[in-house]
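Lettering of chains follows the sequences in order, A, B, ..., and the numbering in each one begins at 1. Note that these values count all heavy atoms, side chains included, but never hydrogens, waters or copies made by symmetry.
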Amino acid sequence: MKINDFQRTPPVYLELQQRLLTRVRALIQSQYSVELGPIAPVSLVVEQPPDLKLGEFALPVAFELARKLRKAPKIIAADLAAALNKSLETVAFLLPENSAGTAQGLAISRFEAAGAGYLNVYLNRATLTSALAQFDPRPQPNSGLHVLVEHTSINPNKAAHVGHLRNAILGDTFVRLLRANGQKVDIQNYIDNTGVQVADVVVGFLHLEGKSLRHIREIIAASTGDSKLREQRFDYICWELYARISQWYDAGSEAENKQRKALRYATLHEIEAGNNETAEVAELISTAVVKMHLDTMLRLGIEYDFLPRESEILRLKFWDVAFDQLKQSGVLYFETEGKNKGCWVMTRPDAKTTEGETDEDAKVIVRSNGTVTYVGKDIAYHLWKFGLLGRDFGYRPFYAYDNHVCWISTTDGIEPHPHFGGAQAIYNVIDSRQSDPQANVIQALRGMGHTAEADRYTHFSYEMVALTPRCAVELGYTVAPEDLARPYIEVSGRKGFGVKADDLIDRLIAATRKETDARQPERPEAERQQIAEQIAIGALRYFMLKFTRGTVIAFDFKDALSFEGETGPYIQYAIVRIRNIFRKAETTPEAVLAAFAELAKRGTISTTTQDEHKEASELPQESHAEGSVTGHDFSRADTATKTEGASAPAGISALPLLQEADEIWTIWLRAAKRSFTLDQAITTSEPAYVARHVFQLAQEFNNFYHRHHILTEEDPARKTLLLATAAIALRELITLLSWLGIESPEAM
RNA sequence: GCACCCGUAGCUCAGCUGGAUAGAGCGAACGCCUCCGAAGCGUUAGGUCACAAGUUCGAAUCUUGUCGGGUGCACCA
């Protein structure tokens, strides 16, 4: 019998399913191809039955065959089940060898027809738990694609708000998922430091406030230093000023307003041009704000590798290079008629082309005055991302993390520097309001013949975070009557309307700190603070991740400040409980899992028929340390217990428990499902799948915890099983939370 | 007008490539700490899956249409 199927692959859900399908397909081919002639490919799907009593997998294939065979689905399913059971050894494939080189047994214990015609598959619990205890199912290094993820990208003219938190948390989590999948990922945070938003704050400081360059330096120095010394945060000062200047443009007489707007654009042009005092002010402000954004994100465990800035895209003339390429490839054409006369334009992705007519709907890339639009610059930038531009940024170090440095773009950088760009796949975490411009860029890439790149360009889009009217009122904003009736109100930096990220984090920490102070009074202050921060960040990150991307989050403090139910702290609490169990049991999860794998192996080797007695008798008689829970033999009990498919070599007191107690098995099954969930989350760009998966595991553990009292269990083998189940839950919970960027506290 | 997203329990949301009795959390009512931490567990109440037609053995899921909510469709960035 071949046992190489799984030799190096952990026994995980996805592989189990795939192998199962291969076998079933083969059977159908041989069984029914005569009756059907050359049969059309039957679409085989694997489902999960509504209840574990019905098995782990269900195949509705009989329904599909029913009409072709003119037979009742029930009968077909029964035939299939019988045939599969008859040749179980060839169908149910083996799990990997263990360290001793002994095959561990079949992964599938039996097939059964059920319901109206389902073919249900029952996995071999003993075999799989034993294998899972031995192997931490880590995916192998993947395709090796060099991936670039861009997220956060907050305009550097004001403080970050809740909407930016959703972006950064989604992006950061997705990076962690890609890396867990074995991919090499660079993280970029694009900085638009030359736009009107920055110009507005510059106008605010220079003209509304009448500050000089020197004065602005002083303000920045006083408001960006040590958080304990500064009276105000610079990003908050800018938040307020940005709201004020936005109103100021419309607050004067008509003539005044015209003058103010002129001032605004003059300022913008000076910033874009560079090499002048206004540009210097803009540079000071935006750099100071960016640093604060990085501080804020670091509170959430979010780090970056590189900050490309718009100022360098302009000054290093990325556009000029891109423009040539776009003209050469014919993506851009010069419009000579209609409203876009004199512009270089591009046909839109979904445009219906009518011959000869001027495309009034075309996207303008270069204006009639010769300046390039935002989309044009974005195309150039994305050519660089894929290494197609033939021009690079200069680099210098900008922000130091514990383990690495974040670099920033500059016109003339230092050597040596790491290489960024030239990625094979990119993900842009940008909210769904940007899907049109994103589609334009993809369209341009495709039009230039870079179809592979266009295919690997993912707009990781998500819906915005808005405030509930109640929340807006609570924050002291005056809310228009018509807005009070709406489900949510969009945040607006221009109006200064929104929840600032650091305010929210501070409130969360204050709330968790109150709890830890009450629950852990004996712990030192620093520890209580650390725990409070871990819980607060866990709550926040989980809150942002539990919604699927397409859902608008109507933000409310009541929901965000909740630590019960479907929250990060709920999951963290399960971890703390498990850690306490191991502390009191005076053993470790690793030791328990090793012991369990060994014992389970002895008890379950003989699901293959011929070898069972021989193998059972050949088992080495190992002796284990006295008094350790790991020292008891699974097969010690004399009462022989029949397990399905084979008789166990000796009575195994834990095995019936594993067979019958679905609340135990469901935890192991979920562990096996980890790679499946990861794969699903990555292919659909949906981190919420992982969030839900880990919450369900925590729920399953709590359920198990309340049904089985582990430490007082008297039967040693049963106790080993219970402890091993807790160990698996712990291993999974910690791993999965780390993927979500959530820490696992020692106590809480 | 066109494009995209959303409409599922009182509220906030899951429901993967169509499949067996539609699931969580919060809120409500009632229980559970002489036993591994109650940031927990259990029980109960609560749904014509917006509406209509179609495809199918089978639809919350796919198609089309209607209604309702949101967002985006500039030579602004």
Between protein and nucleic acid, restricted to nucleotides 71-77 of chain B and to nitrogen or oxygen atoms under 3.5 Å apart, what atom pairs and distances do you find?
from	atom 1	to	atom 2	distance (Å)
B:C75	O3'	A:Arg367	NE	3.2
B:C75	O2	A:Ser368	N	3.3
B:C75	O2	A:Ser368	OG	3.2
B:C75	N3	A:Ser368	OG	2.7
B:C75	N4	A:Lys339	O	3.3
B:C76	OP1	A:Arg367	NE	3.4
B:C76	OP1	A:Arg367	NH2	3.2
B:A77	OP1	A:Arg367	NH2	3.2
B:A77	OP2	A:Arg367	NH2	2.1
B:A77	O3'	A:Glu310	OE2	3.4

Identify the pairs formed between an N or O of the protein and an N or O of nucleotides 21-24 of chain B at a distance under 3.5 Å, and give each distance.
from	atom 1	to	atom 2	distance (Å)
B:A24	O3'	A:Gln699	NE2	3.2

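Within the nucleic acid shown, A:Glu47 comes within 4.0 Å of at least one base atom, counting heavy atoms only. Base engagement by A:Ala58 is indicated by at least one non-hydrogen atom pair under 4.0 Å involving a base atom. A:Thr468 comes within 4.0 angstrom of no nucleic acid atom, judged by non-hydrogen atoms across all strands.
Side-chain atoms of A:Ile535 lie closest to B:A39 of the nucleotides B:C36, B:A39, B:U12. Here the side chain of A:Met748 is nearest to one of B:G40, B:C13, B:A39, namely B:A39. With B:C57, B:C41, B:C36 as the candidates, the nucleotide lying closest to the side chain of A:Leu711 is B:C36. Among the nucleotides B:C36, B:G42, B:A39, the one closest to the side chain of A:Ile710 is B:C36.
By the stacking rule of 5.5 Å between ring centres and under 30° between planes, A:His709 stacks on the base of B:C36.
Aromatic ring orientation, A:Phe543 versus A:Phe547: perpendicular (interplanar angle above 60°, classes split at 30° and 60°).
Remark on RNA chain B: of its neighbouring residues A:Ile581 and A:Tyr570, the 5'-side contact belongs to A:Ile581, judged by nearest-heavy-atom nucleotide. Taking for each of A:Asn703 and A:Ile553 the nucleotide of RNA chain B with the nearest heavy atom, the 5'-most of the two is the partner of A:Ile553.
No more than 12 heavy atoms of other residues, nucleotides or ligands sit less than 6.0 Å from atom NZ of A:Lys495.
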ask   = A:Tyr190 and A:Tyr381: ring pair (Phe, Tyr, Trp, His ring centres under 6.0 Å), yes or no, with the steps?
value = CA-CA 10 Å; A:Tyr190 179 77; A:Tyr381 172 42; 4.9 Å; yes

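Taking 90° from 0 as the syn/anti boundary, the base of B:C33 is oriented syn.
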query = Taking only Watson-Crick and G-U wobble pairs with both distances under 3.5 Å, what dot-bracket line describes RNA chain B, where [ ] shows pairs that cross earlier ones and | shows pairs with another strand?
reply = (((((((..((((.....[...)))).(((((.......))))).....(((((..]....))))))))))))....

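A:Arg579 has no side-chain polar atom (N or O) that falls below the 4.0 Å cut-off from OP1 or OP2 of B:C36. Dashed line: the shortest gap from a side-chain N or O of A:Thr548 to OP1 or OP2 of B:C5 is not under 4.0 Å.
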